[in-house]
Amino acid sequence: MKIGYPCINSTLKCRSSSTFRLKNYSEERLIPTITNNLNCLEKILKFNVDHRILFFRITSDLIPFGSHPVMDFNWQEYFKAKFQAIGNYIKKNFIRISMHPGQYTVLNSINDKVFKNSLNELIYHTDILDLLELNRTAKIITHVGGVYNDKANSIRRFIKRYNALDKRIKQYYVIENDDKSFNISDCLAISEQTGIPVIFDVYHHECNTTTEMVQDVLKKVIKTWKPEDGLPIIHYSSEHLIKGKCRHADSININHFKNFIESSQNYDFDIMIEIKNKESSALQAINAILNDERLNIDS
DNA sequence: TCACGTCAAGCAGAT
DNA sequence: ATCTGCTTGACGTGA
């Protein structure tokens with residue numbers, strides 16, 4: 001079991017996702033920005049290793065406009081050695097890596113342009129993991145997409161498009177239940193037909209629930225992961241104390257977390273802590289379950 | 001110097 | 001019809 005957090009480290013003074021606007025696009029600006037982002041990513045990974053955090057989501061903004069038509073620079077070639085060095089560090093320290101393309105990646109969109117943009121976004125994320133020379137335990141996660149008032153057809157469209165994806169993308173690609181459109185049963189049904197591994201988001205499940213017990217769901221989700229895909233990944237959050245209803249918390253509720261960990265002790269998996277204060281919550285989570293033997297199993 | 005409007009992109013649900 | 005959340009804070013313009 002590894003515990004991690006997404007994209008941003010709030011202790012370090014750097015960001016691996018510097019703001020970069022379309023109208024400022026130029027090669028002269030692009031190269032130093034990407035250099036800065038990669039250097040920062042390296043620092044974050046070192047911080048994580050020093051703090052025993054061995055799971056991390058790399059930001060989709062690592063290469064600004066990485067999938068946009070404006071991009072005319074061969075960043076893959078230019079930064080190849082740097083990516084390789086970072087990848088070596090990741091492998092040497094057994095860090096698990098994931099990526100999560102944003103809300104604009106909608107593989108099952110009924111708009112053809114959105115669909116094409118989504119493909120480009122998946123290729124861009126795949127390029128990064130390939131450049132890092134990671135294996136298929138690194139994962140690219142999206143939700144299923146839009147419903148368009150016809151869930152059955154939208155699921156069919158997702159499956160058709162998923163099946164047509166290049167193998168290079170499929171090796172990394174997994175889906176996750178979302179908080180309002182496609183619940184965990186929908187994802188499991190898609191997995192049955194495609195073999196795609198499913199990430200279980202415990203908190204989305206509370207918002208977009210099914211009648212099944214969490215433990216039963218967990219069991220089915222874990223079965224969708226093959227050994228070569230690595231340990232199953234679980235996304236964890238809890239409700240915002242003030243804002244409530246399906247809004248991510250600002251800080252971790254340790255008792256809630258411990259309850260989840262204790263209630264799932266028959267299974268091993270990696271946990272992404274999706275809480276606003278980032279590495280702080282991940283560290284608290286690790287410290288709260290130091291005695292759990294799953295934390296000490298190398299995988 | 002500082003405040004605040006804006007930033008590539010989609011979708012669903014609330015107001 | 002428009003705004004908000006997902007995300008997501010930081011840049012750049014204008015006062």
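In the text below, chain A, chain B and the rest are named by the order of the sequence lines, each starting its count at 1.
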How would you list, by chain and number, every residue that makes a side chain to side chain contact (heavy atoms under 4.5 Å, CB included) with A:Pro6, sequence neighbours excluded? A:Arg57, A:Met272, A:Lys278
Got a sec, which residues hit ring-ring contact (aromatic ring centres under 6.0 Å, His included) with A:Phe56, two or more places apart in sequence or on another chain? A:Tyr5
Could you tell me which residues satisfy ring-ring contact (aromatic ring centres under 6.0 Å, His included) with A:Phe65, sequence neighbours excluded, listed by chain and number? A:His68
Separation of A:Glu274 atom CD from C:dT8 atom P, in whole Å? 10 Å
Euclidean distance for P, C:dT8 against B:dA3 (whole angstrom): 25 Å
With A:Arg161, which residues qualify under side-chain hydrogen bond (donor to acceptor under 3.5 Å, both in side chains), at least two apart? none
Suppose you measure atom P in B:dC2 against the same atom in C:dT7; what distance do you get, rounded to whole Å? 32 Å
Looking at CZ of A:Phe182 and CD1 of A:Ile175, how far apart are the two atoms once the value is rounded to the nearest 0.5 Å? 9.5 Å
Considering only the P atoms, how many Å lie between B:dG5 and C:dC3, rounded to the nearest integer? 13 Å
Separation of atom CG in A:Asn9 from atom C1' in C:dG9, rounded to whole Å: 15 Å
Whole-Å distance separating the NZ atom of A:Lys113 from the P atom of B:dG10: 8 Å
To the nearest Å, how far apart are A:Asp61 CG and C:dT7 P? 13 Å
Going by the rule ring-ring contact (aromatic ring centres under 6.0 Å, His included), which residues pair with A:His143 if we only count those two or more places apart in sequence or in a different chain? A:His100, A:His204
For atom P, what is the distance between C:dG12 and B:dA8, given to the nearest Å? 11 Å
Give the residues of residues 140-154 of chain A touching DNA chain C, defined as any heavy atom closer than 4.0 Å, sorted by residue number. none
P spacing across the pair C:dT2 / B:dT6, given as an integer number of angstrom: 15 Å
May I ask you to list the residues of residues 16-45 of chain A, by number, that have any heavy atom positioned under 4.0 Å from an atom of DNA chain C? A:Thr19, A:Arg21, A:Asn24, A:Arg29
With centres under 5.5 Å and planes under 30° as the test, does A:Tyr104 stack with B:dG10? no
Mind calculating the distance between CG (A:Asn208) and P (C:dG5) to the nearest angstrom? 19 Å
Spacing between A:Phe182 atom CZ and B:dG13 atom C1', to the nearest angstrom: 15 Å
Output all residues satisfying ring-ring contact (aromatic ring centres under 6.0 Å, His included) with A:Phe47, sequence neighbours left out; order by chain, then residue number. A:His51
Heavy-atom check, side chain of A:Tyr236 versus side chain of A:Ile252, under 4.5 Å: yes
Side chain of A:Ser67 - closest among C:dG5, C:dC6, B:dA8: B:dA8
Start with the C-alpha distance between A:Lys220 and A:Asp216, add both sets of side-chain angles, then the distance that settles salt bridge (charged side-chain N to carboxylate O under 4.0 Å, His left out), and finish with yes or no. CA-CA 7 Å; A:Lys220 288 184 186 172; A:Asp216 297 332; over 6 Å; no
A:Lys258 and A:Asp292 ion-paired at < 4.0 Å: no
From CD1 of A:Ile63 across to P of B:dA8 the rounded distance in Å is 17 Å
Validation: residues 86-93 of chain A side-chain donor-acceptor distances under 3.5 Å, sequence neighbours left out:
unit_1	atom_1	unit_2	atom_2	d
A:Asn88	ND2	A:Gln84	O	3.4
A:Lys91	NZ	A:Glu133	O	3.0
A:Asn93	ND2	A:Tyr89	O	2.9

Which ranges of DNA chain B pair up as stems, where a stem means three or more consecutive Watson-Crick or G-U pairs with both distances under 3.5 Å? B:1-7 with C:9-15, B:10-15 with C:1-6
Nearest listed nucleotide, side chain of A:Lys180, among C:dT8, C:dC6, B:dA12: B:dA12
Whole-Å distance, A:Gln103 CD to B:dC7 C1', equals 12 Å
Applying side-chain hydrogen bond (donor to acceptor under 3.5 Å, both in side chains), name anything that partners A:Ser238, two or more places apart in sequence or on another chain. none
Pick base, sugar-phosphate or nothing for A:Lys116, based on heavy-atom distances below 4.0 Å to the nucleic acid. nothing
By side chain to side chain contact (heavy atoms under 4.5 Å, CB included), which residues pair with A:Glu77, not counting sequence neighbours? A:Asn74, A:Lys80
Taking the chi torsion of C:dT8, is it syn (within 90° of 0) or anti (everything else)? syn
